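Since the structure is predicted, the reported quantities are computational estimates derived from the model, not experimental observations.
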Amino acid sequence: MVRPQAVNPRRRPRQARSRATVARILAAATQVFAEEGYAATTDRIAQRAHLSVGSLYQYFPNKDALVLALAAAHLESSTQPLREVLRPGRPSAVWLPEAVAFVTAQHAEGELHRVFFDQAPRVPELVEGFQNAQAEIARAVAALLAAEFQLADPARTAGVLVALVESLTHRLAGEVPHGVLQAEVLRATTAYLDAAVAAGGR
């Protein structure tokens, strides 16, 4: 297992030039990981960023540090829009299609997400970050369900819905066309929610 300190950035960019360099490195890492998977090397990433590998190592000690930084950026870019989609007072006929559309769109780069979930070492920070984000989304979904329907266990229903979206999307992203993925995930989650509502308090 990679030690937590081994994936922390070596230095925090404070000046505009340093921040621009880090942004170049992360943009290059996104491209190279998406093309080559976890087999991508820091040499290839530095080359794509038009930097020496020594310059890359000034900010990131190894490949796993880059994966963690990209995953953290992914979480940040996805969690806030979902909070808006799942804001209180919205009916499931509105928020469920919007949530499915957003999540499937976020996973359009299937290879990059395979790096995060299937190929990279299970760095504790990475696992914890995704678990915390999923738990936050499940709580928001549970609150919406409880406000709209009479369910025996809104938290359980929300957990299954979130797991359906996540698991189906991660399994099929990059393997089927995006439009098909979105339609099938929505079909599965709608059918499950309809069944849960029909069961009512049972």
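Rounded to the nearest 0.5 angstrom, T190 OG1 and L96 CG are separated by 5.0 Å. With values rounded to the nearest 0.5 angstrom, L172 atom CG is found 13.0 Å from H178 atom NE2. One distance of note links CG of L51 with CD1 of I45; it measures 11.5 Å at 0.5 Å rounding. The line from OG1 of T42 to OH of Y57 is 3.0 Å long, rounded to the nearest 0.5 Å. In this structure, OH in Y59 is found 7.0 Å from CD1 in I25, a value given to the nearest 0.5 Å. Here the straight-line distance linking atom OG1 of T79 with atom CD of Q106 works out to 9.0 Å at 0.5 Å rounding.
Using a 4.5 Å heavy-atom cutoff, the side chains of L181 and E175 are not in contact. No side-chain heavy atom of T41 sits under 4.5 Å from any side-chain heavy atom of K63. When side chains are defined from C-beta on, V165 does not count as touching L161, because their heavy atoms never get closer than 4.5 Å. Looking at heavy atoms from C-beta onward, D64 lies out of side-chain contact with L68 at the 4.5 angstrom threshold.
Across G89 and L144, no two heavy atoms sit closer than the pair N-CD2, 3.9 Å. When all heavy atoms of R156 and Y192 are compared, the pair lying nearest together is O-OH, 4.4 Å. Across all non-hydrogen atoms, the minimal contact from L66 to A29 is CD2-CB, 4.3 Å. The two atoms that bring L145 and P154 nearest to each other are CD1-O, 4.0 Å, heavy atoms only. Contact between L70 and F33 at its shortest, heavy atoms only, is CD1-CD1, 3.7 Å. Heavy-atom minimum distance, R24 versus H50: NH2-O, 3.1 Å.
Salt bridge R187/E184: present, at least one basic N to carboxylate O contact under 4.0 Å. Look at E36 and R48 and you find no salt bridge, because none of the NZ, NE, NH1 or NH2 atoms lies under 4.0 Å from a carboxylate O.
Environment of CZ in R83: crowded, with over 12 heavy atoms of neighbouring residues, nucleotides or ligands closer than 6.0 Å.
At distances below 3.5 Å, at least one donor-acceptor pair connects side-chain atoms of R87 with backbone N or O atoms of E84. The main-chain N or O of L186 is found under 3.5 Å from a side-chain atom of T189 such that the two form a donor-acceptor pair.
Counting only N and O atoms by type, the side chains of E148 and S92 include a donor and acceptor under 3.5 Å apart.
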